[in-house]
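Each chain gets a letter, A, B and so on, in the order its sequence line appears, and its residues count up from 1. Hydrogens, waters and symmetry mates play no part in the numbers below; they use all other heavy atoms, side chains included. All figures in this text were calculated on a predicted structure; none of them were measured in a lab.
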Number of protein chains: 2
Amino acid sequence: MSNGSVQSVDRAIAILEILAREGASRVTDLAAELDVHKSTAFRLLGALEQGGLVEQSGDRGRYRLGFGVVRLAGAATAQLDLAKESRAVCLRLAGEVGETVNVAVPQDGHAVNVSQVRGPSAISGHNWVGQRTPAHATSSGKVLLAFGALPLPEALDRFTPLTITDARLLGLEEIRRRGWAFTVEELELGLNAVAAPVRGSDGAVVAAVSASGPSYRLTPQRLPEVGEIMTAGAREISQRIGYYR
Amino acid sequence: MSNGSVQSVDRAIAILEILAREGASRVTDLAAELDVHKSTAFRLLGALEQGGLVEQSGDRGRYRLGFGVVRLAGAATAQLDLAKESRAVCLRLAGEVGETVNVAVPQDGHAVNVSQVRGPSAISGHNWVGQRTPAHATSSGKVLLAFGALPLPEALDRFTPLTITDARLLGLEEIRRRGWAFTVEELELGLNAVAAPVRGSDGAVVAAVSASGPSYRLTPQRLPEVGEIMTAGAREISQRIGYYR
DNA sequence: CTCCTCTTTTCCGTATGGTGGAAACCAAGT
DNA sequence: ACTTGGTTTCCACCATACGGAAAAGAGGAG
């Protein structure tokens, strides 16, 4: 843990905080509050302005927070929103399907779980949250691959004898057509899963919600039924985070 | 207009943008993308973390945007929200009262107008938006003084023979009791106004909405009626920006 | 359990980027 | 037209931020 000592970055952040508090400020006032020279304050404001984090008010020499801050915050809260808004839906889905439900987002070429609700009959205490999973061997991953939220990996590693290691056999087009994906003992023997796409406000797929359980309960015959349930659940999560189509 | 040349601030902002785009990143990846040394990236992240704009993800060495960005954005959008959300209400109030309606926020010891809707019978083409007005001589200003959104100025300047220049005679307690304020030819001869307080999500008064017009139309006898209308309008604006009490 | 690989984190000498100061420029008020 | 106070520009200097080396840590393979 560092002590945060980059003087001009510290000062720039202090300027942002002052502007958040005051609404708008003049160069002179900011300089006085920061105890720096007016030319220093002016230069720091220039850098923040160039980066979109501040902008000039109508009248000369007065600054306020810029829309760049709102854009950054939008990105910061998007995943907070997703985890928060999806929780209630995951709880219901876990009860309805009877298995563990997860929400995964694309990150560094992997599917990373950000939310989990354990199924009522869950045997395993396994917590998937924070864990990255191989996209080609998980139902969530296949969804993210199919809908363009993840790029196809160069190598598809084998985890079980049933793992698909040929990209052409992943069936991504069929997943797009059907609207949900599944795996049958491809990540772990005895583990099946079904996932559906979660869309953001612009319609792009930003996450996947999945149900997973032992193959003797989540049988291949049961996949279509569970697929429809997850698709409806995914749609509801999408609406909760701002997708209205 | 400066060229934004503060290298470490520029780099810090670039880090924020990368994190907004990627969701989370490692030190090594940020360094590569910024084309700086890993120790440089690490130090900049430390400064941003100290300022609350980034935080570490669960796993070691991975960073994401922090809640400080959301707090800054909250401040940035609050006034955008106010101007946007109040517009529809101001339009209706202007029609209902028949006079020009303004919304003012406290800034640097003044009441500053951020939104205006001209009344149907407005004679003057005067645009108040962006203009700061003396708090003690305007109805909006008196509201902001009464409810603690503005401090009492040291000197109360006289604008007309009717301007109140003794702070004790402003009647701030009565304004709090009654819930609205008025001026009668205190800023300009022949100009009267009525204002009511707009509250933010935490209940604090963050703005005032006012109706102003010529004293032969906005007569003293008409002030109570208009006061009630403005109070209802202010409550509606408050609810639109998140006040639910 | 050991070793390897890669990343994170720390430390430090150096040079360059950021500083304060002086001054030019600008806007508002009298 | 002049004054006042703030904004903005320019520049020499030095203190801070840099990159590099290395220590520490984590994860994976054998």
> For the atom pair CZ (A:Arg62) and CG (A:Leu45), what is the distance rounded to the nearest 0.5 Å?
Replying inline: 12.5 Å
>> For A:Leu145, run the side-chain contact (heavy atoms from CB on, under 4.5 Å) check against A:Leu172, A:Ile175, A:Thr138 and tell me which one passes.
In response: A:Leu172
>> If the test is side-chain contact (heavy atoms from CB on, under 4.5 Å), which one of B:Glu55, B:Arg26, B:Glu49 qualifies with B:Tyr63?
In response: B:Glu49
> To the nearest 10 degrees, what angle separates the axes at the start and end of the helix from C:dC1-D:dG30 to C:dT30-D:dA1, five pairs each?
Replying inline: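 Roughly 50° between the end axes, to the nearest 10°.
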Taking [atom1] from [X] and [atom2] from [N], how many angstroms apart are they, rounded to a whole number?
X: A:Leu45; N: D:dG6; atom1: CG; atom2: P; value: 16 Å
X: B:Gln56; N: D:dA26; atom1: CD; atom2: C1'; value: 14 Å
X: A:Asp29; N: D:dG5; atom1: CG; atom2: P; value: 14 Å
X: A:Phe159; N: D:dG28; atom1: CZ; atom2: P; value: 11 Å
X: A:Lys38; N: C:dA24; atom1: NZ; atom2: C1'; value: 13 Å
X: B:His37; N: C:dT10; atom1: NE2; atom2: P; value: 15 Å
X: A:Phe42; N: C:dG21; atom1: CZ; atom2: C1'; value: 16 Å
X: B:Asp35; N: D:dC18; atom1: CG; atom2: P; value: 13 Å

> Which residues satisfy the side-chain hydrogen bond (donor to acceptor under 3.5 Å, both in side chains) test with B:Glu33, sequence neighbours excluded?
Replying inline: B:Arg21
Considering only nitrogen or oxygen atoms on both sides, find all protein atoms under 3.5 Å from nucleotides 14-17 of chain D and state each distance.
from	atom 1	to	atom 2	distance (Å)
D:dA17	OP1	A:Gln7	N	2.6
D:dA17	OP1	A:Ser8	N	3.1
D:dA17	OP2	A:Gln7	N	3.2

>> A:Asp166: which residues meet the salt bridge (charged side-chain N to carboxylate O under 4.0 Å, His left out) condition with it, sequence neighbours left out?
In response: A:Arg168
> Residues two or more places apart in sequence or in another chain: which of them pass salt bridge (charged side-chain N to carboxylate O under 4.0 Å, His left out) with B:Glu185?
Replying inline: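 So B:Glu185 forms no salt bridge (charged side-chain N to carboxylate O under 4.0 Å, His left out) with any residue.
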> Are B:Ser39 and C:dT10 close enough that a side-chain N or O sits under 4.0 Å from OP1 or OP2?
Replying inline: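 Answer no for this pair, as no side-chain N or O of B:Ser39 is under 4.0 Å from OP1 or OP2.
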> Reckon B:Tyr63 has a side-chain N or O less than 4.0 Å from the OP1 or OP2 of C:dT9?
Replying inline: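 Yes.
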> How would you list, by chain and number, every residue that makes a ring pair (Phe, Tyr, Trp, His ring centres under 6.0 Å) with B:Phe147, sequence neighbours excluded?
Replying inline: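 Partners of B:Phe147 under the ring pair (Phe, Tyr, Trp, His ring centres under 6.0 Å) test: none.
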